[in-house]
Amino acid sequence: MFLEIGFLLLFASFGLSDPTLVVIGAGASGIAAATRLLQHGITNITILEANDQIGGRIHSVSLGGRYVDTGAEWCHGEKGNVVYDLVKDLGILQGTPPFYLEIYHSKLKLLNPDFSHALNDIFFELLVESMRSKESVSVGELLIAKYEQVIDQWKDDPSNYKLAQQAIVLLEACVIGFNGGFSWFDLAADVDFVISEGDQNLHWNGLGFKTILNVLMEKSPPINDKILFKKEVRQIIWDSKEAVVQCTDNSSYSADHVIMTVSLGVLKHQHTNLFVPKLPVNKLLAIEQLGIAAVQKIFLYYDRRWWNDSYTGNFFLWDPNDVKNGASWLTAVSVLVPVVHNPNVLQVWIIGDLVPEVEQCSDEVFINGIMYLLDYFGVVDSKIVTRPDAIARQVKNWYTNPYFRGAFSYQTPRTRVGQNSDEAILSEPLGNNPQKPNLLFAGEATSPDHYGTVHGAIDTGFREADRILKMYK
Ligand SMILES: Cc1cc2nc3c(=O)[nH]c(=O)nc-3n(C[C@H](O)[C@H](O)[C@H](O)COP(=O)(O)OP(=O)(O)OC[C@H]3O[C@@H](n4cnc5c(N)ncnc54)[C@H](O)[C@@H]3O)c2cc1C
Ligand SMILES: *[C@@H]1O[C@H](CO)[C@@H](O)[C@H](O)[C@H]1NC(C)=O
Ligand SMILES: *[C@@H]1O[C@H](CO)[C@@H](O)[C@H](O)[C@H]1NC(C)=O
Ligand SMILES: *[C@@H]1O[C@H](CO)[C@@H](O)[C@H](O)[C@H]1NC(C)=O
């Protein structure tokens, strides 16, 4: 009798400490959450991933014998950065030495390097300044005013002054390329983002950002048999004792807790269908007010380079008269830059509201366009320039892809900042039982201070795993 009671108690406590979990999404945040739970003995976990691979917006592709990243590429900072902390002892991350981008102009071709470098310095200073601002305006409003002041130095030099005025589009390209918006009027100047001190451009030395996923997984019991691929979640019923997750292949999974990690873009598009019952109003507002747009990076590999080591990359600056009949997608090609750790590869940055259009181009159309630009701007003699021998890009990514619908989130001028920021509201768990909520939220856009980054995404995965672990202590 006593034995039986003892057995029952044991069983009960075992049952309590072994809840059933579903994690939706096998990106950085989903992998972080699952590995932390596994490490602490919670094993009944199913990870449902719509794609056929892990990583989400971390996507390392082999090119030129090394890996290039069409998604997250740099570890931004060292202090208070979980990515840095996880790999700092492995000797992988490398700093990027400072360099200038020459400016090529559609009419004037190569601009005077001293002038271009002075503009590079201004762009960098203003980008940093915009991240420290406390003014409640858009970054666009803030920087247009500041830029006009600094270019006054060329007031007595009409041709350079006119060029500096034109070059404001390059400043915008830097700002939105870094922050992810389609326009700098969509970006709030006063934001909650906390910059991790240290080197902002640590790269993975050709191993790819995917290394971070391996590091997370090596620290935990095997996770591979927990991940189900091609499982697109259609609906989550969260307002009952157990949550029920239904997939588009009609399979369904019930769980004590669901950790939702899909991007802000997916939430914007799908929240009305995804959640039963619907999300509370404060979450809906947060989803609406936060922003997500896209940048696109494309990598070109050449068996034989047409450039040499003195080439550190360039901006393309269009004369307004050359685009007066409407902007072609070619004007969205803002920067071309060699990949430092991959000598035969060039990286192209596509920035701004034409990104969705460029995502639709075929490789052929894209390559022809780049060759046209190199010739038209005089970056390289058309007799010398060769076609790339390979290309790494995702057609219809990241904006068009239904599993992402954007690159990384940002705060708009409508976003609430501070204590209860929209990210904090988005992170609040839901369910009938406040002690053991059914539906938890992780993912980059739920990080109040590191949104838009991989370290932010991992922070949120750990946060939600810890929230569950606390419930079963
Ligand atoms: C071009 C680009 C450049 C970037 N550069 C950097 C950088 O240099 N440094 C940096 O730190 N960060 C960078 N980022 C941001 C970084 O990649 C992201 O913040 C981070 O990877 C997001 O991780 P996550 O887990 O929150 O979301 P995700 O990686 O989006 O993971 C969510 C997962 O959910 C899956 N999913 C979506 N819908 C469903 C569904 N209905 N059912 C099931 N599964 C679904 C998706 O397929 C995905 O795998 C960049 C991003 C992009 C796109
Ligand atoms: C995990 O939980 C589900 C739902 O409660 C149950 O059906 C399944 O048997 C459990 N799996 C394991 C390995 O315990
Ligand atoms: C799912 O179920 C619906 C309704 O029963 C059916 O119409 C549909 O074909 C099923 N889909 C799959 C992929 O089995
Ligand atoms: C590199 O290329 C540039 C432009 O084609 C040329 O002017 C320069 O002399 C070259 N430098 C070396 C070291 O070959």
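FYI, side chains are in, hydrogens and waters are out, and symmetry mates aren't considered; it's all heavy atoms of this structure.
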Apply side chain to side chain donor-acceptor pair (under 3.5 Å) to residues Asn368 and Arg387 and explain how you reach the verdict.
CA-CA 8 Å; Asn368 289 341; Arg387 270 187 101 72; 3.0 Å; yes
In sequence, state the C-alpha distance, the side-chain angles, and the governing distance for Leu274 and Met260, and then conclude on side-chain contact (heavy atoms from CB on, under 4.5 Å).
CA-CA 11 Å; Leu274 269 175; Met260 182 62 159; 3.7 Å; yes
Stepwise side-chain contact (heavy atoms from CB on, under 4.5 Å) test for Asn314 and Phe316
CA-CA 7 Å; Asn314 70 276; Phe316 296 97; 3.7 Å; yes
Could you go step by step and tell me if Leu38 and Ile45 meet the side-chain contact (heavy atoms from CB on, under 4.5 Å) rule?
CA-CA 8 Å; Leu38 280 167; Ile45 303 177; 3.9 Å; yes
Give the C-alpha distance, both sets of side-chain angles, the deciding distance and a yes or no for side chain to side chain donor-acceptor pair (under 3.5 Å) between Thr35 and Lys219.
CA-CA 8 Å; Thr35 51; Lys219 288 183 190 291; over 6 Å; no
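Applying the salt bridge (Lys or Arg N to Asp or Glu O under 4.0 Å) test to Lys226 and every residue at least two apart in sequence or in another chain returns nothing. With sequence neighbours excluded, the residues that form a salt bridge (Lys or Arg N to Asp or Glu O under 4.0 Å) with Glu129 are Lys146.
Between the side chains of His59 and Gln394, a donor-acceptor pair is found at a separation under 3.5 Å. Between the side chains of Gln411 and Asp192, at least one donor-acceptor pair of N or O atoms lies under 3.5 Å. With 3.5 Å as the limit, one finds a donor-acceptor pair spanning the side chains of Thr415 and Thr412. Side-chain atoms of Tyr301 and Asp303 include a donor-acceptor pair closer than 3.5 Å.
The side-chain heavy atoms of Leu101 and Val337, taken from C-beta on, include a pair separated by under 4.5 Å. Side-chain contact check for Glu125 versus Val150: every heavy-atom pair is 4.5 Å or farther apart. The closest side-chain heavy-atom distance from Phe366 to Ile350 is below 4.5 Å. Counting heavy atoms from C-beta outward, Trp307 and Leu374 have side chains that stay 4.5 Å or more apart.
Screening Lys210, Glu73, Arg66 against Ser60 for a side chain to side chain contact (heavy atoms under 4.5 Å, CB included) leaves a single residue, Lys210.
Counting non-hydrogen atoms of other residues, nucleotides and ligands closer than 6.0 Å to NZ of Lys396 gives a total of 12 or fewer. No more than 12 heavy-atom neighbours from other residues, nucleotides or ligands sit within 6.0 angstrom of CD on Glu197. Atom OH of Tyr67 has 12 or fewer neighbouring heavy atoms from other residues, nucleotides or ligands inside a 6.0 Å radius.
The aromatic rings of Trp306 and Tyr302 stand perpendicular to each other, their planes meeting at an angle above 60°, with 30° marking the opposite boundary. The aromatic rings of His257 and Tyr472 stand perpendicular to each other, their planes meeting at an angle above 60°, with 30° marking the opposite boundary.
Note that Lys283 lies outside the cation-pi zone of Phe275, set by a 6.0 Å cut-off to the ring centre and a 45° limit from the axis.
Sequence neighbours left out, the pairs with a member in residues 384-408 that pass ring pair (Phe, Tyr, Trp, His ring centres under 6.0 Å) are Phe182-Tyr399, Trp398-Phe404.
Using a distance-only test at 3.5 Å, with no hydrogens or angles considered, no donor-acceptor pair links the side chain of Glu464 to the main chain of Ala33.
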